[in-house]
Amino acid sequence: MSEAAAAATIRTAAVVGTPRALEFVSKVRNDLRFEVCHELSGSWRRFDAEAYTDAVLTDGALGPVVFLQVHTADQLAQLPRLRHLTRIRLEGKHGVPPGLLDHEGLEELFFASNPMLDDLSPLSAFPGLKLLGFDACSAVDLRGVRNLTLETLYLYRMPDGLDLTPIAELVQLSHLGLDCASQAACVEDLPLPAPLSGLGLYAGAGHLSLRGIEAWSGLEWLTVSGPAQATELARIRPPRLRTLQLLNHPSLDPASLARHGALTDLYISGCTLTSGLEPLRELQHLTHLTHLSIHQCGPAIDLTPLADLDQLRIDLTAGVPVLGTGLFPPGKLRSY
C-alpha cells in the first residue's frame, strides 16, 4: 500500500473509531513512513486514550520526525508508559503539567494554544531538550528557558512585543523560527548568542530587514516572508545556503533566485509566480536542486521546463492548477 493510501486508511479508521477500527490501526503501528506516522499520532484523540496506547503506541516508533500529539488529560495520563517517544506536541490549556515532567527523556517539545506558560522553569527537568516550540501561546516568558541547552527555538503566531532578550543566553542555539513583531528592526538587531545556521522569518516577522545576515557565513536554512525580504535576499548570497522557503509574495519572479544556485531544497508557499517556473531551468547550478515544494501558489503552474531534471522531486498542494504533470515518472511528483 502506498504511503498516501495507508495514511488515508488510518484517517478513515479514526473517523469510525470502533474497536475493530483500532485493531486495523494497530497493524500499521510500526510503519515509519512520514504520512503514516503523522496519522498514527493524530488519531490518538479519536479513540479511548488507554486502549490506543495499548494497541498502537506502547511499541510504536512514530518515525524520526513526527511529534506525539497530546490534547487531553487522559492522554497526559498515558505519557509515563511512552518514554520511548521523545517528541511531544502538547495542545491546550495545560500549562506545564506534572505528567509531562515525568517524561525526562524528552528531546523535542512543542506547546500550542496554551495561555498558561508564564513560568517555564519546570522545563529544566529535561536536560536533553534540544528543540522547543510555541504556537499561539499568549503568555510565554522566555526567561524560564535561559538555562536550557536548546539548539532550536520556534516562536509561531506569538504576540507582538514578546521579550526576546533571553534568547541571547541560549549559547548552543543554531536555529530560530520567528513569527511575531519585536523591537528589532533588522536581523543584526536580534538578541542572538551568535550567527545561526538556520533562521525562519514568518509573516509576523515580515517587517524585519535582512540587514546583517550577509555576515552569517554558516547560514544553511532560511525562510523569508513577503516581497521586501525577498527583494533583499536577491541582493545577497549566503555561501552555504541550501534550503530556502519563500512565503507570501504577490509577484514572485523565480529568476530572482539566480544568486542561490547551491540550493538543494526550495519551498514556495502563498506566492503568485509572475513568470512560471521557466527561469528555474536557467539557474547556473540547478543540478544541486533535488526538492521543490509548491504550496497554495498560482496562477496555473507549468512544470514542463523541469521535466528533464532527473534528480528533482516535486511536491504540490492538491488543487493547484498544474500543467506538464504527465511528463514526470511515478514517484517524482506528489500531491498532498
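As a basis for the values below, the full set of heavy atoms in this structure was taken, side chains included, without hydrogen atoms, waters or symmetry mates.
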Distance-only donor-acceptor hits, side chain of residues 184-200, under 3.5 Å, sequence neighbours excluded:
residue, atom, partner, partner atom, Å
E188, OE2, R211, NE, 2.9
D189, OD2, A185, N, 3.4
S197, OG, S174, O, 3.3

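- Looking only at distances, no side-chain donor or acceptor of Q183 sits under 3.5 Å from a matching main-chain atom of G161.
- The six-membered or imidazole ring of Y156 lies away from that of F134, with a centre-to-centre distance of 6.0 Å or more.
- The distance from the SG atom of C137 to the CG atom of L90 is 9.0 Å, given to the nearest 0.5 Å.
- M158 and M116 are assigned to two separate hydrophobic clusters, defined by single-linkage of ILVMFWY side chains at heavy-atom distances under 4.5 Å.
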List, one per line, each side-chain donor-acceptor pair under 3.5 Å for residues 6-21, sequence neighbours excluded.
residue, atom, partner, partner atom, Å
T9, OG1, A5, O, 2.8
R11, NH1, E39, OE2, 3.0
T12, OG1, A8, O, 3.1
T18, OG1, A21, N, 3.2

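- With sequence neighbours excluded, no residue forms a ring pair (Phe, Tyr, Trp, His ring centres under 6.0 Å) with F328.
- Counting heavy atoms from C-beta outward, K93 and P115 have side chains that approach closer than 4.5 Å.
- A donor-acceptor pair under 3.5 Å is formed between the side chain of T264 and the backbone N or O of R242.
- In summary, of the residues considered (L131, L170, I167), a side-chain contact (heavy atoms from CB on, under 4.5 Å) with L150 occurs for L170 alone.
- In this structure, R87 places its CZ atom where more than 12 heavy-atom neighbours from other residues, nucleotides or ligands lie under 6.0 Å away.
- V322 places none of its side-chain heavy atoms less than 4.5 Å from the side chain of I294.
- For the side-chain hydrogen bond (donor to acceptor under 3.5 Å, both in side chains) condition, the pairs that include at least one residue of residues 312-332, sequence neighbours left out, are H291-D315, H295-T317, R313-D315, D315-R334.
- In terms of modelled atom types and a separation under 3.5 Å, the side chain of S41 and the main chain of F67 share a donor-acceptor contact.
- Within a 6.0 Å radius of NE2 in H38, no more than 12 heavy atoms belonging to other residues, nucleotides or ligands are found.
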Worked check of side-chain contact (heavy atoms from CB on, under 4.5 Å) between L246 and L257: CA-CA 10 Å; L246 298 169; L257 304 175; 3.6 Å; yes

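- Panel note: side chain D253, backbone S256; no donor-acceptor pair is recorded below 3.5 Å.
- T243 contributes atom OG1, which lies 10.0 Å from atom CG of L222 (distance to the nearest 0.5 angstrom).
- Residues forming a side-chain hydrogen bond (donor to acceptor under 3.5 Å, both in side chains) with N147 (at least two apart in sequence, or on another chain): none.
- Judged by distance alone, the side chain of H249 and the main-chain N or O of S269 form no donor-acceptor pair under 3.5 Å.
- Judged as a side chain to side chain contact (heavy atoms under 4.5 Å, CB included), and not counting sequence neighbours, the contacts of D160 are C180, A181.
- Checked against ring pair (Phe, Tyr, Trp, His ring centres under 6.0 Å), H175 has the following partners two or more places apart in sequence or in another chain: W221.
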Verdict with reasoning, D163 to T165, per side-chain hydrogen bond (donor to acceptor under 3.5 Å, both in side chains): CA-CA 6 Å; D163 182 12; T165 54; 2.7 Å; yes

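- Salt-bridge annotation for R83 and D102: absent, with no side-chain N of the basic residue lying under 4.0 Å from a carboxylate O of the acidic one.
- Hydrophobic clustering (side-chain heavy atoms under 4.5 Å, transitive across Ile, Leu, Val, Met, Phe, Trp, Tyr) keeps L176 apart from Y267.
- Annotation: the span from Q75 atom CD to I88 atom CD1 amounts to 10.5 Å, rounded to 0.5 Å.
- Residue L219 comes nearest to I213 through the heavy atom pair CD2-CD1, 3.7 Å, listed as atom of the first residue, atom of the second, then distance.
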Atom pairs and distances, donor-acceptor, side-chain atoms in residues 226-235, under 3.5 Å, two or more places apart:
residue, atom, partner, partner atom, Å
Q229, OE1, S225, N, 2.8
Q229, NE2, A205, O, 3.0
Q229, NE2, L208, O, 3.0
T231, OG1, P227, O, 2.8
E232, OE1, L210, N, 3.0
E232, OE2, S209, OG, 2.8
E232, OE2, L210, N, 3.2

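- In terms of the salt bridge (Lys or Arg N to Asp or Glu O under 4.0 Å) criterion, R46 has no residue partners (sequence neighbours excluded).
- Across all non-hydrogen atoms, the minimal contact from L289 to D265 is CD1-N, 4.0 Å.
- Counting only heavy atoms from C-beta outward, the side chains of T149 and L129 never approach each other to under 4.5 Å.
- In this structure N30 satisfies the side chain to side chain contact (heavy atoms under 4.5 Å, CB included) test with no other residue, sequence neighbours excluded.
- Put simply, the side chain of L164 reaches to within 4.5 Å of the side chain of L155, judged on heavy atoms.
- The pair R29-D59 counts as a salt bridge, with a side-chain nitrogen and a carboxylate oxygen less than 4.0 angstrom apart.
- Checked for salt-bridge contact, E3 and R33 miss the test: no charged N lies under 4.0 Å from a carboxylate O.
- Between F111 and H94 the shortest side-chain heavy-atom distance does not fall below 4.5 Å.
- W44 places a side-chain N or O within donor-acceptor distance of the main-chain N or O of A49, the cut-off being under 3.5 Å.
- Side chain of H103 to backbone of H84: no donor-acceptor contact under 3.5 angstrom is found.
- With values rounded to the nearest 0.5 angstrom, L273 atom CG is found 5.5 Å from I268 atom CD1.
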Determine whether R81 and D54 satisfy the following criterion, salt bridge (Lys or Arg N to Asp or Glu O under 4.0 Å), listing intermediate values before the conclusion. CA-CA 9 Å; R81 304 175 57 197; D54 292 338; 2.4 Å; yes

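- When all heavy atoms of P159 and S138 are compared, the closest pair comes out as CG-O, 3.8 Å.
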Given salt bridge (Lys or Arg N to Asp or Glu O under 4.0 Å), test R157 with D135 step by step and report yes or no. CA-CA 6 Å; R157 298 188 296 173; D135 184 358; 2.7 Å; yes

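- Taking F24 as the reference, nothing meets the ring pair (Phe, Tyr, Trp, His ring centres under 6.0 Å) condition, with sequence neighbours excluded.
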Report all side-chain donor-acceptor pairs from residues 118-127 shorter than 3.5 Å, counting only partners two or more places apart or in another chain.
residue, atom, partner, partner atom, Å
D119, OD1, S121, N, 3.1
D119, OD1, S121, OG, 2.6
D119, OD2, S121, OG, 3.4
S124, OG, S121, O, 3.0

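- The heavy-atom pair separating L40 from D31 by the smallest distance is CD1-O, 4.5 Å.
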